[in-house]
Chemist: 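Handing you a structure now.
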2 protein chains.
Amino acid sequence: MARTDTRFRQAHNDLLATLPAVGGQLPSEVELATRLGVSRTVVRAVLAKLAADGILQINGRAKQVLRPALGKDRLPLRDDYTSREDLEDRFLDWVLRFDVPAGTALNVTRLSRDFNVPPHLLQEFLASLGQSGLVERRARGGWRLLGFTPDYAIELSEFRQVLEVNAIRTLAGLPESHAVWPALDAITDEHLDLLARIDTDFHDFSPLDGRFHALINSVVKNRFVAEFQKVISLIFHYHYQWDKTMERHRNEAAIREHLAIIKALKARDLAGAEQAARTHLATSKETLLSSIRVHHHV
Amino acid sequence: MARTDTRFRQAHNDLLATLPAVGGQLPSEVELATRLGVSRTVVRAVLAKLAADGILQINGRAKQVLRPALGKDRLPLRDDYTSREDLEDRFLDWVLRFDVPAGTALNVTRLSRDFNVPPHLLQEFLASLGQSGLVERRARGGWRLLGFTPDYAIELSEFRQVLEVNAIRTLAGLPESHAVWPALDAITDEHLDLLARIDTDFHDFSPLDGRFHALINSVVKNRFVAEFQKVISLIFHYHYQWDKTMERHRNEAAIREHLAIIKALKARDLAGAEQAARTHLATSKETLLSSIRVHHHV
DNA sequence: AGCGGTGCTTTTTATCATTAAAGACACCAT
DNA sequence: ATGGTGTCTTTAATGATAAAAAGCACCGCT
């Protein structure tokens, strides 16, 4: 058919929930529209419905409440579609977790059913993934999953290294007054804190790692870098989630590598910092690769 | 309605064009499908149509030609939609050339009419542009053009510099036997050749520039780099097309900068090559920026 | 009995008509 | 004059639908 009337139903229920007492008046359509966050068209449809249900009496600009709203006046909402972000998460989860072989043809209909989104949005989502190289348009219809292969992981890691080493260089050249320095101090403390309780809390490392790399990269103000950083952190983050081998040991080592980078940066030792960063990124790359290999051999 | 039957019509006409003489036989459906590049379903539809038109007599696997094909047997084709590549070109052309202000809301219906593509494909195209930062999804429907602003150009140039300096570093470390060295020699000659006839042929520089940068970047085998290289060269290339100020002088200077980079590379002078590359990229950036400014003030 | 072939069915995708929603404009009432 | 409503136009999301692809089963010929 056509667009869903979710918007209308939502506004309808929202208005019912905040209805004035019997005999009270409702404000103008424009104000209601602002309040409910919808267009006047929707507001008018809701008002018409309420009038038809005998809840309101509408007469020009007078909108008097005739009776209180009952439970059965509420309009049922269909369970909502998955949001764009959820979709991204769930799709990556599917690709990375279930080890979908490279080259698999993607079935838009099936996926959209599984992920509970209109096919339309899935299509758009796949198109937006195009640039990340995980997925490809087939010549005559449909999509092909290129997959999260070792090749892919290597190239992603190398690209990450280029970006991050560049960030380190930029950072090392920043003046003392720059906000990044106190932020580095703060995150150093967080690292030391976690290190002290690493035996029990090593799971806390993943978010800290994310914030550390985000901080480093934040000094490069560039929309392209930022865009890629999103893909990168997404993928690395996902792998942290399910590669449990040697997790405690790995995380402790990574914390020490982070601290080495920070130490060199604070000493304004560009060469040292760059070297430390390369070491750390190489470790990350190996971790990522080994987790793929382990996964592939399960 | 539904899918267009362009595929069917095309196959129909193609088959007519290669029809054997009267009395001859057609090969199997599978073979025809391969030959025409379509599925068997389409082939069968075509054969049925030809039988209905009295051109073929079909009897089990015998497909005999009854009469030659006439001009009026050909099915008319609707003028075809714009291809994906054309769309990309035309869209960028529109954005860059007509100086669409940043923040403009894009009208999918109108654009799809103007560009002669189904709205559907335009949607997909806009989604795929998402990553390049030129366009953004609005909260409740529609798209917004973020536009090709000076900010955008600066960040693009900086990103380009990060990638290309990295390529230069990689290149300088390659062994003598690597194929890039003879390729560099060859492109050096092309530069010298163009330099000799620069007064008349300065228009030939743009493609040469494209090939030079592509060669430099070709040593980095990375799908993410390659992806971005496409965006970058597209945009720089577009600007070359219509910024005619000082074109001859600019191009001559650029050729000399290219030669300086090559010279340093061949001397394995990494620092020198990097410096020369930075200089050249800075010039490029200025050119791009000034062409935007000029354009904005027209 | 095997294999090249066809008949038929089942998916799956691209397109389009339809409807919800947004926005614009003109007019009305106070 | 200003805040409001009535009405119309435009636009985008959605589901129905037709085209194409892919799969399955069987047939006939050697």
Side-chain angles (χ1 to χ4, degrees), chain A residues 1-12 25-34 36-49 58-63 78 81 105-113 117-124 126 137-144, chain B residues 1-12 25-34 36-49 58-63 78 81 105-113 117-124 126 137-144:
Chain A
M1 260 197 274
R3 271 174 109 128
T4 57
D5 56 355
T6 314
R7 236 162 151 54
F8 164 76
R9 286 158 180 272
Q10 188 70 55
H12 180 271
Q25 292 281 335
L26 283 181
S28 77
E29 291 175 1
V30 179
E31 189 180 331
L32 285 173
T34 321
L36 298 169
V38 294
S39 74
R40 252 187 72 219
T41 308
V42 176
V43 170
R44 304 191 94 231
V46 170
L47 291 175
K49 166 89 172 121
I58 297 178
N59 197 337
R61 61 186 57 180
K63 294 176 275 286
R78 304 196 297 180
Y81 283 132
L106 293 176
N107 181 330
V108 175
T109 319
R110 211 170 101 70
L111 287 178
S112 73
R113 243 188 297 113
V117 286
H120 176 225
L121 279 183
L122 194 82
Q123 192 90 356
E124 190 181 310
L126 290 177
R137 197 99 171 80
R138 282 191 305 172
R140 282 206 292 286
W143 299 83
R144 167 175 295 116
Chain B
M1 260 197 275
R3 273 178 109 129
T4 57
D5 56 355
T6 314
R7 228 160 162 55
F8 165 75
R9 286 159 180 271
Q10 188 68 57
H12 180 270
Q25 293 281 333
L26 283 181
S28 77
E29 292 174 3
V30 178
E31 190 181 329
L32 286 174
T34 321
L36 297 169
V38 293
S39 73
R40 254 186 70 216
T41 309
V42 176
V43 169
R44 304 190 95 229
V46 170
L47 291 175
K49 167 95 173 111
I58 297 179
N59 196 337
R61 62 187 57 182
K63 294 177 275 286
R78 303 194 299 180
Y81 283 131
L106 293 176
N107 182 330
V108 174
T109 319
R110 210 170 101 68
L111 286 178
S112 74
R113 244 187 296 114
V117 285
H120 172 229
L121 279 183
L122 194 83
Q123 192 90 356
E124 189 180 311
L126 290 177
R137 199 96 170 81
R138 282 191 305 172
R140 282 208 291 288
W143 299 83
R144 167 176 296 115

Chemist: Should Thr109(A) be listed as having a side-chain N or O under 4.0 Å from OP1 or OP2 of dT13(C)?
Modeler: yes
Chemist: Of the candidate nucleotides dT14(D), dA22(D), dA22(C), which contains the atom at the shortest distance from the side chain of Pro118(A)?
Modeler: dT14(D)
Chemist: So what does Arg137(B) touch, heavy atoms closer than 4.0 Å: a base, only the sugar-phosphate, or nothing?
Modeler: sugar-phosphate
Chemist: Whole angstroms only, please: what is the CG-C1' distance between Leu122(A) and dT14(D)?
Modeler: 15 Å
Chemist: Starting the side chain at C-beta, find the nucleotide from dT14(D), dT13(C), dA20(C) nearest to His120(A).
Modeler: dT14(D)
Chemist: When the nearest nucleotide of DNA chain C is assigned to Glu124(B) and to Val42(A) on a heavy-atom basis, which residue is associated with the more 5' position?
Modeler: Glu124(B)
Chemist: Which residue lies toward the 5' end of DNA chain D, Gly37(B) or Val108(B), if each is placed at its nearest nucleotide?
Modeler: Val108(B)
Chemist: Would you say that Gln123(A) contacts His120(B) through its side chain, given a criterion of any heavy-atom pair below 4.5 Å between the two side chains?
Modeler: yes
Chemist: Would one find a side-chain N or O of Arg44(A) under 4.0 angstrom from OP1 or OP2 of dG4(D)?
Modeler: no
Chemist: Please tell me which of Arg61(A) and Phe8(A) maps to the more 5' nucleotide of DNA chain C, matching each residue to the nucleotide holding its nearest heavy atom.
Modeler: Phe8(A)
Chemist: How many Å lie between CD on Gln10(B) and P on dA19(D), as a whole number?
Modeler: 17 Å
Chemist: Check the distance between dT19(C)'s P and Arg9(A)'s CZ and give it to me in whole angstrom.
Modeler: 16 Å
Chemist: Rounded to the Å, how far apart are Leu26(A) CG and dT5(D) C1'?
Modeler: 15 Å
Chemist: Below the 4.0 Å mark, does dT11(C) have OP1 or OP2 next to a side-chain nitrogen or oxygen of Asn107(A)?
Modeler: no
Chemist: Ignoring backbone atoms, establish whether Ser28(B) has a side-chain N or O less than 4.0 Å from OP1 or OP2 of dG4(C).
Modeler: no
Chemist: Compare side-chain N and O positions of Gln123(A) against OP1 and OP2 of dA14(C) and report whether any pair is under 4.0 Å apart.
Modeler: yes
Chemist: Does the side chain of Ser39(B) get closer than 4.0 angstrom to OP1 or OP2 of dA20(D) through an N or O atom?
Modeler: no
Chemist: Separation of Ile58(B) atom CD1 from dG7(C) atom C1', in whole Å?
Modeler: 13 Å
Chemist: Report yes if some heavy atom in the side chain of Trp143(B) is under 4.5 Å from a heavy atom in the side chain of Arg138(B); otherwise report no.
Modeler: no
Chemist: Under 4.0 angstrom, heavy atoms only, what part of the nucleic acid is Leu106(A) near: base, sugar-phosphate, or nothing?
Modeler: sugar-phosphate
Chemist: How close do Ser112(B) and Leu122(B) get, counting heavy atoms only, and between which atoms?
Modeler: N-CD2, 4.0 Å
Chemist: So Arg61(A) and Glu29(A), do their side chains get closer than 4.5 Å, heavy atoms only?
Modeler: no
Chemist: Rounded to whole angstroms, how far apart are NZ on Lys49(B) and P on dA19(D)?
Modeler: 14 Å
Chemist: Which part of the nucleic acid, if any, lies within reach of Thr4(B) when heavy atoms closer than 4.0 Å are counted: base, sugar-phosphate only, or nothing?
Modeler: sugar-phosphate
Chemist: Where do Val30(A) and Thr34(A) come nearest, in terms of heavy atoms and distance?
Modeler: O-OG1, 2.8 Å
Chemist: I want to check one thing: is the phosphate of dA21(C), taken as OP1 and OP2, less than 4.0 Å away from some side-chain N or O of Arg40(A)?
Modeler: no
Chemist: Within less than 4.0 Å of OP1 or OP2 of dT5(D), is there a side-chain N or O belonging to Lys63(A)?
Modeler: yes
Chemist: Can you check whether Arg138(A) has a side-chain N or O nearer than 4.0 Å to OP1 or OP2 of dA20(D)?
Modeler: no
Chemist: Quick one: does Val46(A)'s side chain get under 4.5 Å of Leu36(A)'s, heavy atoms only?
Modeler: no
Chemist: What is the separation between atom CZ on Arg3(B) and atom P on dT11(C), rounded to the nearest whole Å?
Modeler: 17 Å
Chemist: Please state how far atom CG in Leu121(B) lies from atom P in dT13(C), giving the value in whole angstrom units.
Modeler: 15 Å
Chemist: Measuring to OP1 and OP2 of dA22(C), would you say a side-chain N or O of Arg7(A) lies under 4.0 angstrom away?
Modeler: yes
